[in-house]
Structure formats: C-alpha cells, structure tokens
Participant: 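Can you keep this structure in mind? I'll have questions shortly.
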Amino acid sequence: MNAGRKFITVILSIILSFLGGALCYHFGLRFLPDSDQANAWFEAQDMARGNFFLKGWVNSPDNFWLIDLLGMAGLLRLMPGSTAVLHILPAVWWGGIIGAACYLALGGGRNRSWRCLLPVMGFIALVPLYEQEAIAFITYAPYHVGTMFVALLGIIAAGRVLDGTGGKLAQASLFVFVSIIFISDPFAVCCFVMPACLVSLWRIWTDDHPERGVRCFVPVIMAFVVATVIKTVIHVDGGFHSLHVVAHFMALPELPSHLLLAFMSVLDLFGINFWGKTVIGHANHNSLTDIVRLVPFVFIALYVWRYVRQRVDDVRRNQCFAGEDSVSDMLVIGLVMDALAASILDFHIPGEDIIRYFLPVLLFATIAYARSDRAGDTSGIFLGAIVWSLLACVLTWHPRTEQDVDIDPYHVGHQLDVRPLMAVLHQQHLTYGYTDYWHASLTTLASGGELKLRSIMVNEDVSAADKAACHLASRPWLSKRDWYLPADLQGTERIFFLVYSPSFPKNDEYLKQAAVISNMGAPDQIVPVDDQFSLLIYDRQKVMSCHGLFEWEKKK
C-alpha cells in the first residue's frame with residue numbers, strides 16, 4: 001500500500017470511528033436507562049471513591065469489573081456524580097469497535113483499498129443512523145459492547161501471533177485481553193477465546209510453523225489460570241461476589257418461538273428487518289432502505305456459508321483447516337459458535353432482548369467479508385446501498401424533542417419512566433421504600449439519591465415452622481450489602497412499598513400488593529400511583545420487625 005492510499009484509509013477509519021461513536025451517544029439519549037445500568041453506575045461510583053475490589057457487592061456472572069465498571073469509574077473521576085457517563089462510555093466502546101473493525105478489514109486481502117471499509121461502514125459504523133429500537137443495546141453500559149471491543153483487540157493480537165508478525169508484545173497483549181474477559185465477562189469466551197484456542201490447536205497439528213500455535217495457545221491458558229487466581233483472591237479478601245446462572249438447552253416446545261426471535265435479532269442487527277413497516281417508511285424508519293441493505297447482507301451470508309463449506313471440505317481431504325488467514329478463521333468460527341449458542345440455549349432473557357447475544361454475528365460476519373477479495377468486487381453495491389440509505393434517512397428525518405424518548409425498546413418491562421412515581425413520592429414526602437428490581441435502583445439514580453428504593457422479593461423457600469414469619473427478603477442481585485442494613489432506615493419514620501395493584505396481573509418477578517399485606521399486615525395508608533401501582537405505607541418499627549429484609553448473609 002502506497003503512502004497516499006494508507007493515509008486515506010487511516011483518515012477514513014478515524015472519521016468512521018468518531019461518527020459512529022457520536023451517533024451512538026446522540027441516539028442513546030433517546031433510550032431510558034434501567035436498573036442494571038443504575039446499579040452499574042453505583043458500583044462505578046464506589047470504585048471511583050476507592051472501593052476498587054467492590055467489597056460488599058453482589059454481581060451477576062458477567063460482572064464487567066475491568067471493562068464497563070472500570071471505564072465508568074475513570075469517567076466519574078473526571079465528571080464526579082455525572083450520569084452522562086452512562087451515555088458516554090457506550091459511545092467510546094462503539095467508536096473503538098469501529099476502529100478495530102476498520103483495522104481488521106484492511107488487514108485481509110492484498111488490495112487494501114479504502115473500499116474494504118464499505119461493509120464496515122454500511123453495517124457497523126452507520127447503524128445508529130437508523131434509530132432501530134432493537135439495537136438500542138449498543139447505547140447501554142454494561143451490555144457486552146465493551147466486551148466485544150476487548151475481544152476484537154484480542155483477535156488482532158492473536159492474529160499477529162499466529163501469522164508470525166507479532167512478537168512478545170502481541171503475546172503479552174493477548175494474555176491481557178483474555179485475562180480481562182475471563183475475569184469480567186464470559187460472554188466473549190464462546191465467540192473469541194474458544195475459537196482462538198481451536199485455531200491455535202489446529203495450527204499446532206497441521207501448520208508448517210506449529211510453534212506459532214503454541215505461542216497463541218499458551219497465553220490463553222496462562223490467562224485462565226491468572227484470572228482464576230485473581231477472582232479467588234478478590235473473593236477471599238471480601239471483594240465482590242458473582243452469582244451463578246446456569247444456561248440450559250431450550251425446551252423443544254419453546255424452541256420454534258426462540259428460533260424466530262433469534263432470526264429477528266439477526267435481521268434487526270443488520271438493519272434489514274423491514275417486516276411490519278410501511279413500504280414508504282416513516283420518521284427515520286424507512287423500510288426501503290432496509291430492503292436495499294438486504295442486498296449486501298446476502299453477499300456476506302453467502303460468503304460465510306461458502307467459507308464454512310470450503311473449510312469443511314479441507315478437513316475431509318485432510319488438508320490444513322486454517323489456511324493462511326488466521327483472523328478470518330477465528331471470526332467465522334466465532335460467529336458460528338455464537339449463533340448456535342444464542343439460538344439453542346436459554347439464558348433467561350425475555351423476548352427480543354436476546355439480540356445482545358448476536359452482536360458477534362454482526363461484527364464478525366461483516367469484518368470477515370471485508371477482509372476477503374470479494375469485498376473489492378462488490379464495492380459498488382455496498383457504496384450504492386450506503387448512499388441510498390443515507391439519502392432516505394435525510395428525506396425521512398423527523399426532529400425529536402427532549403420529551404421524545406423510547407420507553408422499553410425490547411417490550412420486556414425493564415426500561416421504565418419513573419418520573420410520575422417520583423412526583424407522587426415527593427408529594428407524599430416519602431424518601432425510603434422497597435419494591436421490585438426494575439423500579440428500585442433506577443428511581444434512586446433518577447432522583448440523585450434523594451429517594452432510596454431497595455429491591456426485595458418474596459422468599460418462597462421457608463419451612464413449616466416459619467410459616468407465620470415475614471417472608472419478604474432482600475434481593476442480593478447487583479446490589480450492595482449496606483443497602484439492607486437496619487442503619488439504612490435511620491431518620492425515616494414512614495417506609496413505603498411500591499407494589500402492583502391487584503387488578504394488574506404480573507408474574508412472580510414483580511412485587512404484588514397481596515404478598516406485602518400478607519407478610520406485613522394492613523398498611524397505615526394506601527396511596528394509588530396510577531392504574532398499575534400503589535404505595536403501601538408502614539411505620540418504620542413495623543418494617544424493622546420483618547427480619548428477612550435485613551438477613552443478607554443467609555442468601556449469599
């Protein structure tokens with residue numbers, strides 16, 4: 001590549017990264033946060049104040065400690081107390097993903113023209129332009145977006161090690177990135193770490209330079225050992241505790257509907273889900289542009305399919321599986337493994353919220369195609385699709401006001417507008433209470449800490465001798481033990497429970513009015529919030545008598 005062409009590709013990559021990150025931030029302001037984000041913000045704030053190991057916290061299996069939490073903690077040191085970091089960090093991650101994708105796309109074929117960036121531009125860099133609700137997750141932290149940035153950096157390092165172009169620095173970088181993943185988010189183990197191991201082992205078996213496979217495989221194993229030691233030390237030292245959620249294979253009766261959601265997720269990720277939309281489009285959701293983007297998507301899908309068939313044929317003929325392009329091997333194996341896992345496993349994610357698990361499919365398929373020689377041959381098609389999409393986006397542009405926000409984009413009841421609730425609480429002079437998970441920390445964050453709501457549940461696992469006891473219990477999930485200490489109630493005489501009204505049926509995930517009354521007795525006052533919710537108000541001493549709200553250690 002001559003100096004002029006290299007300069008053009010570098011500048012274009014920087015522009016795409018900045019543009020994609022800026023659009024991610026801009027459109028992210030449309031989407032309301034949820035309690036997962038609120039709890040992550042509280043954890044990051046605790047880290048910024050010196051609790052680096054998050055002592056007293058209970059996390060999910062994907063704790064995001066050295067990715068999103070550390071990133072937000074760094075931003076909070078620069079902007080103390082700012083909730084804007086919830087929008088800034090995803091924009092930074094997405095811009096980094098675009099930059100890494102551009103780097104990998106340009107490292108493929110011999111002709112490293114800027115046209116190799118067109119698939120990345122059409123399917124990754126300009127995704128936020130379409131304001132699709134189903135891909136709102138790229139504007140949330142934590143939501144595996146930062147994890148995928150780390151994974152792409154790891155693929156770059158692994159590729160350099162396997163191709164013999166990187167020295168000890170590449171090995172050290174691979175070790176660091178894999179360690180971060182093992183410690184913070186196992187999501188990338190399936191789509192990055194395992195494919196890197198498989199390609200390394202195959203290189204050891206079949207390649208003319210088996211030592212390259214060894215140099216890649218050993219840092220991964222060392223990273224696993226070191227990560228295990230670090231997590232053990234954190235746990236022994238009283239640091240954060242990660243709960244375990246076991247994934248299962250989907251039950252056969254549920255598999256068809258799950259596969260349909262998986263298919264919809266892939267369509268939404270690539271911006272080609274025109275089903276259910278008006279033909280002429282409306283307000284930045286133009287079905288015609290989705291149909292146009294379907295054309296380059298077909299090229300990518302056919303390329304991946306042929307790539308897999310070619311590699312399978314190579315194995316059948318006892319030829320070298322890996323070929324000459326280690327990065328593409330890892331990308332294709334990773335997207336296939338990710339697609340299979342997300343399609344047949346149950347991760348306890350409702351509805352189309354499972355779209356998050358297909359993010360590697362979007363990134364890896366696009367990058368693998370961009371690295372191929374076919375990307376240059378179809379550059380005109382990609383360029384035409386991009387121009388048409390941008391033109392349609394401009395023609396259907398609908399300016400939004402600050403009040404135009406999208407609530408609950410996945411339609412699963414997680415992203416909520418708590419402003420009406422806060423108004424009622426202020427009117428009633430209530431500052432401390434208990435409720436379900438999705439209202440608790442979100443309301444606390446939205447009020448700037450003025451209102452304190454703690455997540456609780458009904459403990460159904462009780463013995464016959466305890467039937468008369470209060471079965472309301474603290475919920476140690478993405479929460480801190482200090483929130484459930486009796487001292488946290490000091491200075492507050494009236495405690496409320498935000499519950500669902502009897503006329504509004506909900507599943508067991510939500511706190512129901514009948515459950516609270518059966519455990520706490522008749523409230524001193526009932527204040528309706530709206531058609532769905534009511535406030536049950538009790539005296540503080542009566543709440544203190546419900547010991548399950550403060551018995552954290554029994555549930556750890």
Participant: Using modelled atom types only, decide if a donor and an acceptor are shared between the side chain of Asp34 and the backbone of Gln37 within a distance under 3.5 Å.
Facilitator: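 The answer is yes, because a donor-acceptor pair under 3.5 Å joins these two groups.
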Participant: Can you check whether Leu104's main-chain N or O pairs, donor with acceptor, with Arg371's side chain at less than 3.5 Å?
Facilitator: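 Checking the backbone N and O of Leu104 against the side chain of Arg371, a donor-acceptor pair under 3.5 Å is found.
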Participant: Any idea how His144 and Tyr357 line up, ring-wise: parallel (<30°), tilted (30 to 60°), or perpendicular (>60°)?
Facilitator: tilted
Participant: Between Arg311 and Tyr307, is NZ or CZ placed under 6.0 angstrom from the six-membered ring centre and within 45° of the ring axis?
Facilitator: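 That pair qualifies as a cation-pi contact.
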Participant: Nearest 0.5 Å, what's the OG-CH2 distance between Ser242 and Trp65?
Facilitator: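 Going from the OG atom of Ser242 to the CH2 atom of Trp65 covers 10.5 Å.
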Participant: Kindly determine whether Asn39 and Tyr437 satisfy side chain to side chain donor-acceptor pair (under 3.5 Å), including the steps that lead there.
Facilitator: CA-CA 10 Å; Asn39 286 322; Tyr437 176 81; 3.1 Å; yes
Participant: So, Asp163 side chain and Thr165 main chain: donor-acceptor pair closer than 3.5 Å or not?
Facilitator: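 Side chain of Asp163 to backbone of Thr165, a donor-acceptor pair under 3.5 Å: no, none is there.
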Participant: Under the ring-ring contact (aromatic ring centres under 6.0 Å, His included) criterion, do Tyr369 and Phe382 qualify, and how do the steps go?
Facilitator: CA-CA 12 Å; Tyr369 184 86; Phe382 276 88; 5.6 Å; yes
Participant: Between Ser17 (side chain) and Gly99 (backbone), is there a donor-acceptor pair under 3.5 Å?
Facilitator: yes
Participant: Is any side-chain heavy atom of Thr147 closer than 4.5 Å to a side-chain heavy atom of Leu359?
Facilitator: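 No; the side chains remain at least 4.5 Å from each other.
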Participant: Would the distance check show the side chain of His258 and the main-chain N or O of Ala342 forming a donor-acceptor pair, the cut-off being under 3.5 Å?
Facilitator: yes
Participant: Look at the rings of His414 and Trp438 and say which category their plane angle falls in: under 30° parallel, 30 to 60° tilted, over 60° perpendicular.
Facilitator: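 His414 and Trp438: parallel rings.
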Participant: Is there a side chain to side chain contact (heavy atoms under 4.5 Å, CB included) between Val178 and Ile181? Walk through the geometry before answering.
Facilitator: CA-CA 5 Å; Val178 175; Ile181 288 171; 5.6 Å; no
Participant: Please answer whether the main-chain N or O of Phe182 pairs with a side-chain N or O of Lys231 as donor and acceptor at a distance below 3.5 Å.
Facilitator: yes
Participant: Could you label the plane-to-plane angle of the Phe137 and Tyr143 rings as parallel, tilted or perpendicular, counting under 30° as parallel and over 60° as perpendicular?
Facilitator: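 Geometry flag for Tyr143 against Phe137: tilted rings.
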Participant: For the backbone of Leu442 and the side chain of Ser35, can you confirm whether one donor and one acceptor N or O come within less than 3.5 Å of each other?
Facilitator: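 Checked: pair present.
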Participant: Between Ala196 and Cys216, which heavy-atom pair has the shortest distance, and what is it?
Facilitator: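 Heavy atoms of Ala196 and Cys216 come nearest at O-SG, 4.5 Å.
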Participant: Using only atom types and a distance under 3.5 Å, with no angle test, would you say the side chain of Arg293 pairs donor to acceptor with the backbone of Ile272?
Facilitator: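 Not at all, since once roles are kept as given, no pair shorter than 3.5 Å links the two residues.
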Participant: Name all residues meeting the salt bridge (Lys or Arg N to Asp or Glu O under 4.0 Å) criterion together with Arg356; count only those two or more places apart in sequence or in a different chain, and write none if there are none.
Facilitator: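 Residues passing salt bridge (Lys or Arg N to Asp or Glu O under 4.0 Å) with Arg356: Asp353.
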Participant: So which atom in Ser113 and which in Leu106 form the shortest heavy-atom distance, rounded to 0.1 Å?
Facilitator: O-CD2, 3.7 Å
Participant: Do Asn63 and Glu43 get their side chains close enough for a donor-acceptor pair, meaning under 3.5 Å?
Facilitator: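 The criterion, which ignores hydrogens and geometry beyond distance, is not satisfied for Glu43 and Asn63.
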